[in-house]
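First the structure, in the form of structure tokens, and then the observations on it.
Order of the sequence lines sets the chain letters (A, B, ...), proteins ahead of strands, with each chain counted from 1. Computation of the quantities below employed the complete heavy-atom set of this structure, encompassing side-chain atoms and omitting hydrogens, waters and symmetry-equivalent molecules.
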There are 2 protein chains.
Amino acid sequence: MAAKAPFEQRKKHIIELLKQGKLLVVNELAKKFNVSEMTIHRDLNKLQQQGHIERTYGGAVPAERMEFEFDFASRRASNQKAKKAIAQEALKFVQPGQRLILDTGTTTLELAYLLKDFENLTVITPSLAVASVLQFSSGIQTVLLGGIIRKGSPDLTGVVAEKVLDMFMVDIAFQGADGIGLNGELFNTDMRIAKVDQKMRKRANQTYVLCDSSKIGKIDFASNGSLAEVNALITDSGITPEQFQSLKKICSEIIVSKI
Amino acid sequence: MAAKAPFEQRKKHIIELLKQGKLLVVNELAKKFNVSEMTIHRDLNKLQQQGHIERTYGGAVPAERMEFEFDFASRRASNQKAKKAIAQEALKFVQPGQRLILDTGTTTLELAYLLKDFENLTVITPSLAVASVLQFSSGIQTVLLGGIIRKGSPDLTGVVAEKVLDMFMVDIAFQGADGIGLNGELFNTDMRIAKVDQKMRKRANQTYVLCDSSKIGKIDFASNGSLAEVNALITDSGITPEQFQSLKKICSEIIVSKI
DNA sequence: ACATACTTATAACAATTACTAACATTTTAT
DNA sequence: ATAAAATGTTAGTAATTGTTATAAGTATGT
């Protein structure tokens, strides 16, 4: 780690770091390239003029970050630990080399965070949020379903999304749900997501529904099917014995996380 | 875990924590980043002003809105005035009620900025950058092509994108180009984009190529067709008379912006 | 309810760290 | 070998961060 980097091989390297989503810090770069901090300052100023970066105090950030804004009203108070625990259980089913569908929703988003460092996976998702989390994971190929972008919503739905799903068969689909009736009926708040969820199950060898216990016994607007059609429900320990008994009649397996 | 990180690094880290649903506590953050609590207070106040969080006594919670970023390296800086002028010319062809395809590229991205306040348009695009610009435009329905997300690249390509294009017919396609040969041949740096560009022309009644003059006479890797297939080339006044004459033989119309 | 103790937030100034500019030195190219 | 470009050094300036003191918010006990 000693030879001084000739010329502006550094720039190439720096731009590479940017593509990986890294933040640039002056003194780290100076050490990395074995040059003085002054040189890094000059490099960064040039890169700024070329429009690659924006300078910040102490370093630099990518010039143009495109970002999507979503409304996540629910996220705040609710059940984050439970969702994480559910995602952990779901993770146990994932093997390297598999192809997955990851549905929209905050619980499946937690699973996306856990999959980040996995090797050799293909993930198909209608969720821009999931795609954003996985975009820099070198071991994961992310396929975004197409479709209409709705303001404040992170997911792509509609005919396009359904058509694209028809192009693939995957090993496992991980779905969310906004409500599960005690008869095992699966609900979404949004009808369009319900349709996409139905289609997902048809394109996967196995389907797991990830749903925290607060939504069990809650019905919602759009029914997309029944727990009878899936391999397992994964939920948290907040599920009551009565709910468990009731759902067990319909669902072949119910996995309850520790938390 | 000792080194102090500058603000931008802390900010990124804090936002990451937010996305994972952690609630922020001032003294924990101070320890985590090895800075004083005063600094964390200042950070959180800044983040509040930027709309990322809401402050609570002793810490902070996520705001309702959450942002997800896609990074891509682009130098919007180079030739930006020319690109803006080209986009202005392209804009003249757009009428309310139309359906458009907007290709990937920095010039078409400029056009997206101009379309933002248009009424009653449908825009189909393979570009996450274009989609992010248009996401909050109430008068525009944005359809994102599906496909594989490549690291550091803002566009969706591949079989999926092409299949989705087959689902639509539009009024106008606005394309970019990475190079145009003096024989009118259209080039892309990326083969996958070349294929998508070919398909776009088939699905549009009219096609316009938006390309700043610096790329005229430059050939690149992947040919996607010829100016003979399009309705017009829109470029800037940097085009030389020789280039103009040469391309005029092939292209039915060449529109030159003032700048 | 009120007052008390306790924690957290802000303000002002001091200390630290990062940035810029000018000049010296090294490296690269002709 | 010389000019040109790039890098390093130093000192001075600007921005951020830390410290202390004071204010404001929360929680408790009577």
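- The nearest whole Å value for the distance from the CD atom in A:Q48 to the P atom in C:dC19 is 12 Å.
- Remark: A:K215 NZ is packed, more than 12 non-hydrogen atoms of other residues, nucleotides or ligands lying under 6.0 Å away.
- Taking the six-membered ring for Trp, A:Y57 and B:F7 have ring centres at least 6.0 Å apart.
- Atom CD in A:Q9 sits roughly 15 Å away from atom C1' in C:dT27 (whole-Å rounding).
- Residue B:T39 places no side-chain N or O under 4.0 Å from the OP1 or OP2 atom of D:dT17.
- In this structure, the salt bridge (charged side-chain N to carboxylate O under 4.0 Å, His left out) partners of B:E69, at least two apart in sequence or on a different chain, are A:R65.
- When rounded to the nearest whole Å, the span between CZ of B:F33 and C1' of D:dG18 equals 17 Å.
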Protein-nucleic acid N or O pairs under 3.5 Å, nucleotides 3-8 of chain C:
residue: C:dT7; atom: O2; partner: B:Y57; partner atom: OH; Å: 2.8
residue: C:dT8; atom: O4'; partner: B:Y57; partner atom: OH; Å: 3.0
residue: C:dT8; atom: O3'; partner: B:G58; partner atom: N; Å: 3.0

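- One atom, CG of A:L44, and another, P of C:dA18, lie 13 Å apart when rounded to the nearest Å.
- Distance B:M38 CE to C:dT16 C1': 16 Å, rounded to the nearest Å.
- C:dT20 atom P lies 14 Å from atom CD1 of A:I40, rounded to whole Å.
- For the pair B:E8 CD and C:dT17 P, the interatomic distance rounds to 20 Å; values are reported in whole Å.
- Between B:S257 and B:E89, the side chains place no donor N or O within less than 3.5 Å of an acceptor N or O (distance only, hydrogens not considered).
- Listed pair B:N34 / D:dT17 fails the phosphate criterion, with no side-chain N or O lying under 4.0 Å from OP1 or OP2.
- Side-chain atoms of A:E110 and A:Q88 form no donor-acceptor pair, as typed in the model, at a separation below 3.5 Å.
- Between A:D103 and A:T108, the side chains place no donor N or O within less than 3.5 Å of an acceptor N or O (distance only, hydrogens not considered).
- B:R10 has a side-chain polar atom (N or O) that falls below the 4.0 Å cut-off from OP1 or OP2 of D:dT17.
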